[in-house]
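This structure is a prediction, so every number in the text was calculated from the model and none was measured. Along the sequence shown, residues carry numbers from 1.
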Amino acid sequence: MARPESSIYKLCLVCSMIGNLFFGVNLYVGPRGGWKWKAAAEAKLVAAEACSGHGRAFLNAVLVDGRPICKCNPCCGGPDCSLFLPSCAADADRSVSIYPSLVNGHVS
């Protein structure tokens, strides 16, 4: 006859495995409509904001009429960054590169 302690250990092991399976599936799959799905929908909305190619919209920016405000590059303005500011002096030597390892066209 098996000892009663080993039966309790087996029962605890099975219960632990079932609990881990339940919480693991709930963590990675989760219900649709949870905070992950809402955050993903908001991120897609912001990524779709065009800003006419002269600025960027950020998720944490102020919303106007439910749409994020574009943060324009220097010398550009307007609600969608489509207006060029003629009084602005652009400094081409001091541009912000998206590739910081490139300096003067050469890889550093």
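- A 6.0 Å sphere centred on CZ of Phe84 holds more than 12 heavy atoms belonging to other residues, nucleotides or ligands.
- No side-chain donor-acceptor contact under 3.5 Å links Ser82 to the backbone of Ser52.
- Taken to the nearest 0.5 Å, the SG atom of Cys15 stands 11.5 Å off from the CG atom of Asn20.
- The CG atom of Asp80 sits 9.5 Å away from atom NE2 of His54, with the distance rounded to the nearest 0.5 Å.
- Cys81 has its SG atom at least 2.5 Å from the SG atom of Cys76.
- When every heavy atom of Gly78 is checked against every heavy atom of Leu83, the shortest pair comes out as CA-CD1, 3.9 Å.
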